[in-house]
Amino acid sequence: MAVSPKIAPSMLSSDFANLAAEAKRMIDLGANWLHMDIMDCTKPLACFILTPLLFPLQDGHFVPNLTIGAPVIKSLRKHTNAYLDCHLMVTNPMDYVEGMAKAGASGFTFHVEVAKENWQELVEKIKSSGMRPGVALKPGTPVEEVYPLVEGKTPVEMVLVMTVEPGFGGQKFMPNMMDKVRALRHKYPTLDIEVDGGLGPSTIDAAAAAGANCIVAGSSVFGAPEPGDVISLLRATVEKAQPIIN
Ligand code: DX5
Ligand code: ZN
């Protein structure tokens, strides 16, 4: 295949109290990128009113979790030159572009669900800030919604297909998301296509055969006795795959 494998351990599964050491360990073990999950607590106004009424146990965030932000990226950047593949699970990605760029993010992947109106402006801002733009889609979002962004005047350079509901590591891979990956690979033979959620030795065959080349893996890497073996296996499987693109 024309695209190269990028194995991206998800630092969400690392020991956050030792982030610099964990990052170095992953790169030393052969990781290409470090996947950084940024989740926020920005809410649309309606959520303040409706969410407590409709979902008393939820808070209306883009995802029901809170992780790291630009200050942590900035601190980590002082310890590594690695490509920081930042996945923004936030309600207002535009608000984060400048801060993430200054902090040293390499890739900035936003969710299409929250950028329907302003994606073109957002992509341009990400690019002009010196980061690589990507777009992510949740399991319930049809793949067609990202086509205009890949074909835009200033296009995104990666599509991230979520293979779990965003929010947490350690969830079960959704094999039916491979239809989206196949459709993207068929349409865009040289596009970087990333899969995120539940990837590991038992699911990589399906993802690689469908055409994914950027592989995020959190619990399967950090939970393994030999994380380097998992990274090598993921890469070898992507390298060998002959994507089914019909
Ligand atoms: C989930 C995150 C993922 C997560 C993946 O919202 O986007 O990056 O860390 O973790 P695993 O590989 O454990 O499913
Ligand atoms: Zn992620």
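Ligands are counted one by one from 1 in listed order, and the atoms in each one are counted from 1 as well.
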Is it true that a side-chain atom of Lys240 and a backbone atom of Ala208 form a donor plus acceptor pair closer than 3.5 Å? no
To the nearest 0.5 Å, tell me how far Met178 CE sits from Phe173 CZ. 3.5 Å
Which residues and atoms, counting only protein N, O or S, are under 2.8 Å from the Zn ion (ligand 2)? His35 NE2, Asp37 OD1, His87 ND1, Asp196 OD2
Going by an N to O cut-off under 4.0 Å, is there a salt bridge joining Lys127 and Glu124? no
State plainly whether the residues Glu121 and Lys125 are in salt-bridge range, i.e. N to O under 4.0 Å. no
Closer than 3.5 angstrom, by distance alone: can the side chain of Ser220 be matched with the main-chain N or O of Leu199 as a donor-acceptor pair? yes
Under a 4.0 Å threshold between the charged nitrogen and the carboxylate oxygen, would Asp179 count as salt-bridged to Arg182? yes
Students should find this: residues with any non-hydrogen atom under 4.0 Å from ligand 1. What is the answer? Ser10, Leu12, His35, Asp37, His87, Met89, Met162, Pro166, Gly167, Phe168, Gly169, Gly170, Asp196, Gly197, Gly198, Val216, Ala217, Gly218, Ser219
The criterion is side-chain hydrogen bond (donor to acceptor under 3.5 Å, both in side chains); which residues satisfy it with Arg132, sequence neighbours excluded? Glu157, Asp192
Quick one about Ser106 and Asp85 (side-chain donor to acceptor, distance below 3.5 Å, no hydrogens or angles considered), yes or no? no
Set of side chain to side chain contact (heavy atoms under 4.5 Å, CB included) partners for Val150, sequence neighbours left out: Val156, Val159, Tyr188, Leu191
